[in-house]
Amino acid sequence: MTAVHTGTVTARCPCLLGEPYDECCGRYHRGETTAPTAERLMRSRFSAFAVLDAGYLLATWHPSTRPRTLDLDPEQRWTRLDILGTSGGGLLDTTGTVEFRAHYVLDGHRESLHENSRFVREDGNWLYLDAIATPRQGLPAVDR
């Protein structure tokens, strides 16, 4: 996947909604608009992992749980996002959860991360709060 801020990206968005990256999650990453629902924020955050946009991930992380830094591994290739369920997180909600499985390849091995993420909306913007742990979490390294 092409880096986020290097011009037009016409490839399909990593979130797999079927739109080109620029018209889908790219517009969130560039700050042109914000995700309208918790699920769209989850999808845009997955895409940010895929295109190595740590700045967007930190900007959409709630300040009470946000790490100081986020080191993304360029060798970890995020390949697919499956949304398994949602609760709340709609246009009129202030909280929500999104359960998902994110698939990736690292060191030639196919792996997945299963998580139930909590989101809150503050000042009209959805933010990732934290994860309700599920077995076998493979989260990237963070320095709090």
Side-chain angles (χ1 to χ4, degrees), residues 1-74 76-106 110-144:
M1 174 60 58
T2 305
V4 176
H5 303 290
T6 59
T8 302
V9 179
T10 57
R12 187 168 74 163
C13 189
C15 82
L16 299 180
L17 282 180
E19 300 175 46
Y21 170 78
D22 261 3
E23 297 170 22
C24 193
C25 294
R27 61 196 173 122
Y28 303 133
H29 297 170
R30 291 187 305 273
E32 295 171 6
T33 189
T34 59
T37 66
E39 181 180 339
R40 285 304 294 244
L41 181 63
M42 175 63 242
R43 288 182 177 281
S44 71
R45 287 176 56 83
F46 173 83
S47 292
F49 276 104
V51 299
L52 303 174
D53 190 346
Y56 179 79
L57 292 165
L58 290 170
T60 57
W61 208 314
H62 194 274
S64 69
T65 57
R66 178 176 42 221
R68 284 180 281 146
T69 63
L70 182 63
D71 297 319
L72 301 178
D73 185 348
Q76 187 172 22
R77 189 171 52 88
W78 296 92
T79 59
R80 189 175 90 227
L81 175 66
D82 299 325
I83 301 296
L84 305 176
T86 63
S87 174
L91 296 173
L92 302 177
D93 295 313
T94 57
T95 62
T97 63
V98 178
E99 183 178 5
F100 68 91
R101 184 175 309 278
H103 301 267
Y104 62 92
V105 176
L106 182 61
R110 294 182 187 274
E111 300 286 342
S112 67
L113 164 67
H114 179 200
E115 183 175 300
N116 194 5
S117 295
R118 294 192 312 157
F119 296 87
V120 296
R121 185 174 11 201
E122 293 184 353
D123 299 322
N125 296 313
W126 283 103
L127 298 168
Y128 169 76
L129 182 61
D130 60 15
I132 301 167
T134 59
R136 260 190 104 207
Q137 277 192 321
L139 298 173
V142 295
D143 179 23
R144 291 195 190 263

Can you list the steps and then say if Arg118 with Ile132 is a side chain to side chain contact (heavy atoms under 4.5 Å, CB included)?
-> CA-CA 7 Å; Arg118 294 192 312 157; Ile132 301 167; 3.9 Å; yes

Val98 and Arg43: CA distance, side-chain angles, deciding distance, side chain to side chain contact (heavy atoms under 4.5 Å, CB included) verdict = CA-CA 10 Å; Val98 178; Arg43 288 182 177 281; over 6 Å; no

Looking only at heavy atoms, which two atoms of Val105 and Thr79 are closest? And how far apart?
-> CG2-CG2, 4.1 Å

Hey, does the side chain of Arg110 reach the backbone of His103 with a donor-acceptor pair shorter than 3.5 angstrom?
-> no

Taking Arg40 for its side chain and Thr34 for its backbone only, find out whether a donor-acceptor pair lies under 3.5 Å.
-> no

From Leu129 atom CG to Arg66 atom CZ, the distance as rounded to the nearest 0.5 Å = 11.5 Å

Could you state the interatomic distance from OH (Tyr56) to CH2 (Trp61), rounded to the nearest 0.5 Å?
-> 13.0 Å

Minimum-distance pair of heavy atoms, taken over all atoms of Leu127 and Ala59 | CD2-O, 3.9 Å

So do Pro36 and Leu91 actually touch side chain to side chain, heavy atoms under 4.5 Å?
-> yes

Where Ala102 and Trp78 come nearest, the two heavy atoms and their spacing = CB-CZ3, 3.6 Å

Atom pair CG (Asn116) and CG (Asp130), whose distance is rounded to the nearest 0.5 Å | 10.0 Å

Given the rule in the side chain to side chain contact (heavy atoms under 4.5 Å, CB included) test, do Leu106 and Glu111 qualify, once you have shown the distances and angles that lead to the verdict?
-> CA-CA 7 Å; Leu106 182 61; Glu111 300 286 342; 5.6 Å; no

Can you tell me how far the CZ atom of Phe46 sits from the CG atom of Leu113, to the nearest 0.5 Å?
-> 10.0 Å

Check for a donor-acceptor pair, side chain of Ser47 on one end and backbone N or O of Cys15 on the other, with a separation under 3.5 Å.
-> yes

Return the minimal non-hydrogen interatomic distance between Leu58 and Arg68, and the atom names on each side.
-> CD1-O, 4.5 Å

Flag the pair Arg27 and Glu23 as a salt bridge only when some basic side-chain nitrogen lies within less than 4.0 angstrom of an acidic carboxylate oxygen.
-> no

Does Trp126 have Arg45 sitting over its ring (NZ/CZ under 6.0 Å from centre, angle to axis within 45°)?
-> no

Of all the heavy-atom pairs spanning Ala54 and Leu72, show the shortest one and how long it is.
-> N-CD1, 3.7 Å

Hey, is Asp82 close enough to Arg101 for a salt bridge, meaning N to O under 4.0 Å?
-> no

Ser44 side chain to Leu41 main-chain N or O, any donor-acceptor pair under 3.5 Å?
-> yes

Any luck finding a side-chain donor-acceptor pair between Ser117 and Glu115 under 3.5 Å?
-> yes

Do Val51 and Tyr21 have side-chain heavy atoms sitting under 4.5 Å apart?
-> yes

At what distance, to the nearest 0.5 angstrom, does CD of Gln76 lie from CG of Leu52?
-> 9.5 Å

So which heavy atom on Thr86 is nearest to which on Ile83, and how close?
-> CG2-CG2, 4.1 Å

Mind checking the OG1-CZ spacing from Thr37 to Phe119? Nearest 0.5 Å is all I need.
-> 9.5 Å

Please assess His114 against Leu84 for the test side chain to side chain contact (heavy atoms under 4.5 Å, CB included), listing each intermediate value before the final yes or no.
-> CA-CA 9 Å; His114 179 200; Leu84 305 176; 3.7 Å; yes

